[in-house]
Amino acid sequence: MTYKASFRVWRGDAGGGELHDFTVEVNDGEVVLDVLHRIQATQASDLAVRWNCKAGKCGSCSAEVNGRPRLLCMTRMSTFAENEVVTVTPMRTFPVIRDLVTDVSFNYAKAREIPAFAPPPDLAPGEYRMQQVDVERSQEFRKCIECFLCQNVCHVIRDHEDNKQHYAGPRYLMRIAELEMHPLDVADRREAAQAEHGLGYCNITKCCTEVCPEGIHITDNALIPMKERVADKRYDPLVWLGTNLFRR
Ligand code: SF4
Ligand code: F3S
Ligand code: FES
């Protein structure tokens with residue numbers, strides 16, 4: 001079945017922009033990205049939209065559809081009523097390059113700030129042994145496709161540009177938690193998580209978890225356990241004695 005849909009697509013650049021209206025054909029089984037491609041093919045050949053796999057795996061096509069952060073290639077048109085206006089805007093947390101394409105380099109900078117996996121120096125690759133439960137924990141976090149929808153939706157940086165400097169965001173706090181809980185990682189990442197990567201800014205609103213297209217339990221399985229580890233270190237009476245009584 002085919003029908004005509006009303007689309008409103010944000011067009012502009014770093015200097016500003018506005019919503020443009022399109023009436024466009026939609027066919028059975030199509031996703032929002034298909035319709036944007038039809039707009040490109042028939043009405044606005046210079047419309048900028050980033051995509052790659054069209055299978056929900058590359059994380060390129062992140063944007064906001066009717067105000068919700070989504071992958072454009074995984075948002076079925078059947079989600080919307082035929083007479084509903086579908087509004088597509090770029091991710092709000094990152095600077096616009098053009099139209100629906102944003103500059104996500106903030107995320108790469110945050111990734112580089114996290115020290116790499118640090119296995120015990122006397123263990124060679126191939127000698128690593130882990131419990132299945134530890135393997136599974138890492139595997140959940142490693143489903144991440146780096147779409148940055150969680151980073152986009154977290155209010156700590158979505159609403160406060162000045163927090164960006166001090167806050168890694170859920171995707172990278174999850175990476176720190178993954179390494180901290182890794183049985184073969186010998187680095188103590190708790191102090192840096194709090195002091196350098198802004199773990200304390202997260203007040204567990206769980207919006208990151210809600211929008212994750214991979215269904216990763218970012219808050220429950222990474223951020224909360226990481227907060228508990230930081231609290232254990234700070235309030236552990238033996239650690240407290242060690243750092244306060246014997247410090248001279
Ligand atoms: Fe995207 Fe989920 Fe990875 Fe965040 S954790 S970047 S929402 S896949
Ligand atoms: Fe932000 Fe997720 Fe925490 S949305 S406040 S990182 S639980
Ligand atoms: Fe790859 Fe959408 S195009 S996730």
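Remember, it's 1-based here, ligands and their atoms both numbered in the order they're listed. Note: hydrogens, waters and symmetry copies are ignored here, and every other heavy atom, side chains too, is used.
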Inset, instruction - Everything protein-side that's N, O or S and under 2.8 Å from atom 1 (Fe) of ligand 1: list it, residue and atom. - result: Cys147 SG
Inset, instruction - Name the orientation class of the two ring planes belonging to Tyr172 and Phe148 (parallel below 30°, tilted from 30 to 60°, perpendicular beyond 60°). - result: tilted
Inset, instruction - Heavy-atom cut-off of under 4.0 Å around ligand 2: list whichever protein residues fall inside it, by chain and number. - result: Cys154, His155, Tyr167, Pro170, Cys202, Asn203, Ile204, Thr205, Lys206, Cys207, Cys208, Thr219, Leu223
Inset, instruction - Going by the side-chain contact (heavy atoms from CB on, under 4.5 Å) test, name the single residue among Ser60, Cys61, Ser62 that passes it with Arg50. - result: Ser60
Inset, instruction - Determine, using the 4.5 Å side-chain heavy-atom cutoff (strictly less than), whether Val186 and Val230 are members of one ILVMFWY cluster. - result: no
Inset, instruction - Answer with yes or no whether the side chains of Asn152 and Glu64 bring together a donor and an acceptor at under 3.5 Å. - result: yes
Inset, instruction - Go through ligand 1 atom by atom and flag the ones less than 4.0 Å from a non-hydrogen atom of Ile218. - result: 5 (S)
Legend entry - Linked, directly or transitively: Met74 and Val86 (ILVMFWY side chains, under 4.5 Å): no
Inset, instruction - Give a yes-or-no answer on whether the side chains of Thr23 and Ser6 include a donor-acceptor pair shorter than 3.5 Å. - result: no
Identify every side-chain donor-acceptor pair in residues 110-128 under 3.5 Å, counting partners at least two apart or on other chains, and give the distances.
| unit_1 | atom_1 | unit_2 | atom_2 | d |
| --- | --- | --- | --- | --- |
| Lys110 | NZ | Lys164 | O | 2.9 |
| Lys110 | NZ | Gln165 | O | 3.2 |
| Glu127 | OE1 | Ala124 | N | 3.0 |

Legend entry - Joint cluster assignment, Val35 & Phe80, ILVMFWY side-chain distance < 4.5 Å: yes
Inset, instruction - Verify the neighbour count for atom NE2 of His155: are there more than 12 heavy atoms of other residues, nucleotides or ligands below 6.0 Å? - result: yes
Legend entry - Residues Asp28, Arg76: salt bridge by 4.0 Å N-O rule: no
Legend entry - Single-linkage hydrophobic cluster Trp51~Leu72, side-chain heavy atoms < 4.5 angstrom: yes
Legend entry - Hydrophobic cluster identity match, Val85 and Val26, side-chain contacts under 4.5 Å: no
Inset, instruction - Write out the protein residues near ligand 3, meaning a non-hydrogen atom under 4.0 Å from one of its atoms, in order of chain and number. - result: Trp51, Asn52, Cys53, Lys54, Gly56, Lys57, Cys58, Gly59, Cys61, Cys73
Inset, instruction - Please determine, by modelled atom types, if Glu146 and Asn107 share a side-chain donor-acceptor pair under 3.5 angstrom. - result: no
